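Below is one structure, written out as structure tokens; the observations come after it.
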Amino acid sequence: MSELIGRSVPRVEDERLLRGEGAYVDDLHPSGCSEAAFLRSPQAHARIVSIDVEEARSAPGVIAVLTGADLAGELEPMVFQIARVVPETVRASTGAVSRVHPMPAIPADRATYVGQPLAVVVAESRYLAEDALELIELELEPLPAVVDPEAALEPGAPLVEPEWEDNLALEYRYRRGDVDAAFEQAAVVVEEVFHSHRHVASPIETRGVVATVDPLDGTLAVSASTQTPHQLRDFLAGALRRAPETLRVRAPDVGGGFGPKGAIYPEDLVIPYLATRVGRPVKWIEDRSEHFAATTHGREQVHRIALAADADGRILAVRDSIVHNCGAYHTLGLVVPYNTLTHLIGPYDVPAVDVRLRAAITNTGVVAPYRGAGRPEAVFAMERAVTRLARAVGIDAAELRARNLIAPEAMPYATGMIYRDGTEQVYDSGDYPKLLARARALVEEEPWAERAAGRRVGVGYAAYVEGTGVGPFESAALTVLGGGRVRVATGASSQGQSHRTTLAQIAADALGVPFERIEVVGGDTAAIAAGFGTIASRSLVVAGNAVAKAAAELRAAVLDAAGSLLGAPPESLTLADGTIRPLDGDGPELPLADLAGALSPFNPRRPAGAPTELHAKAIFNPGPVTYAAGVHAAVVAVDPATGAVEILRYAVSHDCGRPVNPAIAEGQVLGGVMQGIGGALYEELVYDPDGQLRTGSFMDYLLPTAGEMPEIRLVHVDCPTPLNPLGVKGLGEGGAIGPPAAIANAVEDALADLGVVVRACPLTPDRVRALIRAGGGDGGATAGAGATEVAA
Amino acid sequence: MSEHAVQQVPIRVTVNGRELAAEVEPRLLLSDFIRHHAGLTGTHVGCEHGVCGACTVLVDGAPQRSCLVFAAQADGAEIRTVEGLAEPGAPLHPVQQAFHEEHGMQCGFCTSGFLMTTVALLEETPHPSDEQLVDALSGNLCRCTGYRNIVAAARSAERKLAEAGDE
Ligand code: FES
Ligand code: FES
């Protein structure tokens, strides 16, 4: 009965947004709304000597000025419970230890990163609030700062958290097989250091919060540009010591998320608190410079990785020692660092593994999930190492990969590791050799015309798997409305992923109600009490299946109610196209709208004992994650004289299970790939050694534009998963996982004869030139010689 | 609030055909004027430093980043925003329709800026070359779509406008 799943149904989200009728958080301006601005630390590590706010308090239009000292005792410090969570099985297999510390919403004594909020002004307008910020006198005493995570772990490093004896926040080590023996017996060993650099996700809409106290019942209503409204509600309830029922958190239209809007921030607590304190609605909209400093960053890991292989290039063992930078507060525990472990070996069959990770706190912005969340970091290290291995063995890089991939017959494949949720890691489905073959075919137009024209052309690959659809749960509640419409409420909110369309497709199919009559509400704690949120490529899997489950229950309830009304057994009825009919076609039909009308309390003849409402609720607990996978291939031309890299073609073959809406799925992949290309070639968040942010605007942190878009080809190798009834896998992040590795591999390939080793991105022209100089080759002189050892 | 009233300047602008007169602070950005004074929140602010293009509106027919212009500088100007492309209830403008059909948008936050940039381009150059098209669009940032569908939407809009012109 599936009619809509699998079709590129046009998006129902578009029309309002196209007409400029969207309601993003800054478009909400309750009457009497005041606006807040934050004073932020100009230093990476400092003792707060004094903050004099007297003059600011009496500045024009100022309603309130508060410092950390004013807030102490009013707002509980933020404690990130998730950072504590280490499932027993994870602890047993890796010895993982995680240490947490509270984060004051606004500190009273010490600033620990540039951009940390130190005071807040509420005024009649943002202009006046910012005027008053200038009048605050802040005296700081600088303390030694540490920025580099490896330096932070050295003995004697400045302590970021004085309550700790060192800066180590999290540590684990996973071992399987006889790694030492493998390295001793290996015919080939490669060893290298690879850096994943710091990014900032940069949704075009920054963060924002508007809070209002309902004058009737005292409910604190909060609208925030968040991916996780239910989690924010629960966090707020704890921080403000209020019952969760007295809070309503909504994610209105959200202008992109990509991970950072799944975190909880000081401003998320301070603004609602201020609304209760000043007795007026309060709004804060982050500006772009605040975003660079104070929104969570992504990536930043150093991998010292070694591969052992036999003479044919079969990988015998992987050893990796990883240092991860948490930033100033350890807020997320295993989430990103442990994803790195469980995605490092990826699609390969490797008998022996030894991976150690240490995570350090430093005087930098907090690092949290950014599209891929630990996976692009793992894939960059592993796929660079695999490419180095191919060169060392002397075989083509794609061929070496083919020799090491897990065979489709080996599915389901247990890796021996424990996933972050505490269950055994098992790849449920996938055909990795086919993914590789399809990607390879897309870049195999040899010889490239550019090479014939004397340009240096290189080809690079990146293969990965991605655990998607992580629990613990998502909720869905379906209600038949008057007129036969159906409302689907879910805890999963959208930041552009098109849930109003895809979840309506799922509900329409499962119910037998036309797509146009389904409306989806996401991201409102008043619409559904329990929810988890849209993070980690999970919504289609977890919310999608919750909707399908609730829809099946609602359908049964509809047929039951219709049966008693029509005097027919429910099994003899069906619901299709929004109308209840006898299965044998013999008997009266009952449109859903009429059924709803008949059950209405306004109907004096409503049957006794009939339900007053047609409603069903479901929670879907997904169990273990399902594995999406992909192979990316990049073809680049490098100008050795200028260091400029041009992507001639980018190819993606990927497996996202059963696609619900192919156009939307493709859009997600394309967007992810472009973000990955940004990280590979343009974007880097840079701190100087004192912890000053060097890239604080879009002038220094370069996002790719339409002008940087290469030709991108996509193919699908879809292997539906047996792990959930819909057969779907997540795909929000996959596109961003491959590009840095694939492009770095391609650039190195193009410059191989110059002795170039790419250890980090972004591959900006000056960095490429530096690599050529370090390789000892004078690229300019050999321009036009063509590259060697290009994958065929 | 009069105690902190700063010097105000009178301005008169036409926004989507409607004449507006207001007294504004000299430092008020045109983007804030459009959003807060004219109440047209379809124009978005993504960076306030002239890079993202989300705030693009047409000022006397030319695309402008409204976060880089003071409202006072727009005195006497004719301004078009996304809300002016199609009347409420009326069918979408061909450029809007093209973005819908080609899935040229995800979160929609950048979309108004891209629509106005595309409208300006196609009004000025009804049949742009590939280079002209990408050049015009590369002044706007989108973090969701990866641009391919935006470029396709602009091309499709070109065809729609040409067909409409032929009728
Ligand atoms: S908001 Fe004006 S260019 Fe970004
Ligand atoms: S659609 Fe989200 S920024 Fe373009």
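Naming: A, B, ... by sequence-line order, numbering from 1 per chain. Everything numeric here is computed off the predicted structure, so don't read it as measured data.
By a heavy-atom distance cut of under 4.5 Å, Ala86(B), Glu87(B), Pro88(B), Gly89(B), Ala90(B), Pro91(B), Leu92(B), Gln96(B), Phe99(B), His100(B), His103(B), Met105(B), Gln106(B), Cys107(B), Gly108(B), Phe109(B), Thr111(B) are the residues of residues 85-112 of chain B near chain A, going up by number. Residues from residues 126-140 of chain B that place a non-hydrogen atom less than 4.5 Å from a non-hydrogen atom of chain A comprise Val134(B), Leu137(B), Ser138(B), given in numerical order.
If you measure heavy-atom distances from Arg148(B) to chain A, the contacts under 4.5 Å come from both the backbone and the side chain. Of the atoms belonging to Gln675(A), heavy atoms from both backbone and side chain fall under 4.5 Å from chain B. Contact of Asn661(A) with chain B is not made at all, since no heavy-atom distance falls under 4.5 Å. Contacts of Val673(A) with chain B are absent, with no heavy-atom separation under 4.5 Å from either backbone or side chain. Contact annotation for Glu708(A): neither backbone nor side-chain heavy atoms come within less than 4.5 Å of a heavy atom of chain B. Looking at Asp27(A), the atoms closer than 4.5 Å to chain B (heavy atoms on both sides) sit in the backbone and in the side chain alike. With a 4.5 Å cut-off on non-hydrogen atoms, Ala59(A) does not touch chain B at all. Looking at Ile677(A), neither its backbone nor its side chain comes within 4.5 Å of chain B, counting heavy atoms on both sides. Interface residue Ile664(A): backbone and side-chain heavy atoms are both found under 4.5 Å from chain B. In this structure, the portions of His49(B) lying under 4.5 Å from any heavy atom of chain A include both its backbone and its side chain.
The backbone N or O of Pro704(A) sits less than 3.5 Å from a side-chain atom of Tyr147(B), completing a donor-acceptor pair. In this structure a side-chain-to-backbone donor-acceptor pair under 3.5 Å is present from Asp700(A) to Ser697(A).
If you look at Phe70(B) and Phe33(B), their ring centroids are not closer than 6.0 Å. Note: Phe258(A) and Tyr370(A) fail the aromatic proximity criterion, with ring centroids not under 6.0 Å apart.
Using a 4.5 Å cut-off on side-chain heavy atoms (C-beta onward), His291(A) and Pro203(A) make contact. With contacts defined as side-chain heavy-atom distances shorter than 4.5 Å, the pair Glu711(A)/Tyr650(A) does not qualify. At least one side-chain heavy atom of Arg11(A) sits under 4.5 Å from a side-chain heavy atom of Ser498(A). Side-chain contact between Ser66(B) and Val69(B) is absent, with no heavy atoms from C-beta onward closer than 4.5 Å. Within the 4.5 Å cutoff, the side chain of Tyr24(A) has no heavy atoms near those of the Ser225(A) side chain. Within the 4.5 Å cutoff, side-chain heavy atoms of Met116(B) are placed close to those of Val82(B). You'll find the side chain of Thr81(B) reaches within 4.5 Å of the side chain of Ile34(B), heavy atoms only. Using a 4.5 Å cut-off on side-chain heavy atoms (C-beta onward), Ile204(A) and Leu141(B) make contact.
Looking at Glu25(B) and Tyr127(A), their side chains never bring a donor and an acceptor atom within 3.5 Å of each other. Side-chain contact annotation: Glu290(A) with Thr206(A), donor-acceptor N/O pair under 3.5 Å absent.
Looking only at heavy-atom pairs under 4.5 Å with chain A, the residue among Gly53(B), Gly42(B), Gly146(B) that has the most is Gly146(B). Looking only at heavy-atom pairs under 4.5 Å with chain B, the residue among Glu205(A), Arg126(A), Glu286(A), Glu21(A) that has the most is Glu205(A).
Once rounded to the nearest 0.5 Å, the distance linking OG of Ser125(A) with CG of Asp131(A) reads 7.5 Å.
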